[in-house]
**Q** 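For reference, the structure I am asking about is given below.
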Amino acid sequence: MRLEMEQAFDQPVCKKKKLWDVVSDKVNAKLSESSDTSVAVSAHECDLKWRNLLATYRKNRERVKKLGVAAVHWPFFKAMHQVLGRSRDQPQHKVEQAVTSKRFTPILPTPPPVVTASPCASRAPQDVLQLYMELQERKMNMWAQQKALEERKIDAINNLAQAIAGLAHRSGTQGHTDGQ
């Protein structure tokens, strides 16, 4: 559904939130047609899912380049690759043009993987570095989220303390004036 709207998302001046609202409406309509449960997804969830799908596709595309298509076990790779990875010599659909304009590199058909002497070849240093950098980025994001949560807790505690102090002050003043 997101790819069907690629042209709209590709416009330099557009409200992405409104477009994601349309995507989530379409997804929710599909979900309600296909199931008895009342599952709903938000525009934000659709956006996050799209970003995760693209990241996973890119990682698997690199894996195909290095190790061949047999090394990819992600069940959605073929479907994503059909849309995002067509070769340049095929007639291009509007969606493809928009996708390739965003620096997606189409994958040409890969020859079958060559079996090496050691089937458990170690990862290339670039792969390890990439994984390490991604892990560090995730840690930083989690730390930032945790910090924000702790700051909100501190603010809530301070607000509560101020409210209690205000109540104590007011009741102390009332008790003092009542006693006179």
Side-chain angles (χ1 to χ4, degrees), residues 1-63 72-77 79-80 83-84 94-95 98-105 123 125-180:
M1 291 178 192
R2 164 59 177 81
L3 283 175
E4 291 170 1
M5 298 176 62
E6 183 64 27
Q7 256 186 335
F9 275 94
D10 203 30
Q11 295 301 313
V13 179
C14 72
K15 301 287 183 189
K16 303 284 193 262
K17 168 104 175 74
K18 289 182 181 178
L19 294 173
W20 280 115
D21 284 337
V22 172
V23 169
S24 71
D25 290 344
K26 288 181 178 182
V27 169
N28 287 326
K30 268 289 200 213
L31 286 172
S32 66
E33 287 174 11
S34 65
S35 68
D36 296 332
T37 61
S38 59
V39 177
V41 294
S42 69
H44 179 69
E45 290 170 323
C46 290
D47 182 23
L48 287 176
K49 182 51 125 175
W50 174 252
R51 291 169 192 259
N52 288 336
L53 285 169
L54 282 178
T56 304
Y57 171 73
R58 288 181 190 130
K59 288 175 189 172
N60 280 289
R61 182 185 64 201
E62 290 303 313
R63 189 175 181 94
V72 174
H73 303 290
W74 185 46
F76 305 108
F77 180 77
M80 292 284 286
V83 176
L84 301 177
K94 286 185 232 173
V95 170
V99 168
T100 55
S101 73
K102 291 191 176 199
R103 294 186 300 240
F104 287 99
T105 309
R123 291 185 173 185
Q126 296 88 357
D127 288 346
V128 174
L129 182 59
Q130 174 83 21
L131 289 171
Y132 176 76
M133 294 302 291
E134 289 172 8
L135 180 62
Q136 294 298 19
E137 185 177 348
R138 285 183 192 159
K139 284 182 181 178
M140 291 299 290
N141 287 340
M142 288 175 58
W143 180 83
Q145 290 173 353
Q146 186 67 31
K147 180 182 174 197
L149 179 63
E150 293 300 321
E151 287 172 350
R152 286 194 302 255
K153 286 180 184 177
I154 291 169
D155 288 343
I157 291 170
N158 286 337
N159 290 340
L160 182 61
Q162 286 176 352
I164 291 171
L167 286 173
H169 179 55
R170 274 186 252 149
S171 72
T173 343
Q174 283 179 345
H176 185 63
T177 55
D178 291 343
Q180 290 180 350

**Q** Where do S32 and A29 come nearest, in terms of heavy atoms and distance?
**A** OG-O, 2.9 Å
**Q** Can you tell me how far the CD1 atom of I157 sits from the CD1 atom of I154, to the nearest 0.5 Å?
**A** 7.0 Å
**Q** Measure the shortest side-chain to side-chain distance between W74 and M80 over non-hydrogen atoms and say whether it is less than 4.5 angstrom.
**A** yes
**Q** Is the shortest side-chain heavy-atom distance between K30 and M1 below 4.5 Å?
**A** yes
**Q** List in chain and number order the residues that pass salt bridge (charged side-chain N to carboxylate O under 4.0 Å, His left out) with E150, two or more places apart in sequence or in another chain; answer none if no residue qualifies.
**A** K153
**Q** If you define the side chain from C-beta out and look only at heavy atoms, does anything of C46 sit under 4.5 Å from S24?
**A** yes
**Q** Using the rule side chain to side chain contact (heavy atoms under 4.5 Å, CB included), only one of R58, R63, K59 pairs with R61; which is it?
**A** R58
**Q** Any idea which heavy atoms bring V41 and L31 closest together, and the distance?
**A** CG1-CD1, 4.3 Å
**Q** Rounded to the nearest 0.5 Å, what separation is found between the CE atom of M140 and the CD atom of Q145?
**A** 12.0 Å
**Q** What I'd like to find out is whether the side chain of K26 reaches to under 4.5 Å of the side chain of V23, using heavy atoms alone.
**A** no
**Q** Which distance, rounded to the nearest 0.5 Å, do you find between the CZ of R51 and the OG1 of T56?
**A** 14.0 Å
**Q** Which value, rounded to the nearest 0.5 Å, describes the distance between W20 atom CH2 and D25 atom CG?
**A** 13.0 Å
**Q** Could you tell me which non-hydrogen atom of E45 sits nearest to which non-hydrogen atom of A40, and how far apart they are?
**A** OE1-O, 4.1 Å
**Q** Hey, are the side chains of Y57 and F76 touching, using non-hydrogen atoms and a 4.5 Å cut-off?
**A** no
**Q** Could you check whether any side-chain N or O of D47 sits under 3.5 Å from a backbone N or O of A43, counting only pairs where one atom can act as donor and the other as acceptor?
**A** no
**Q** To the nearest 0.5 Å, tell me how far L149 CG sits from Q146 CD.
**A** 5.5 Å
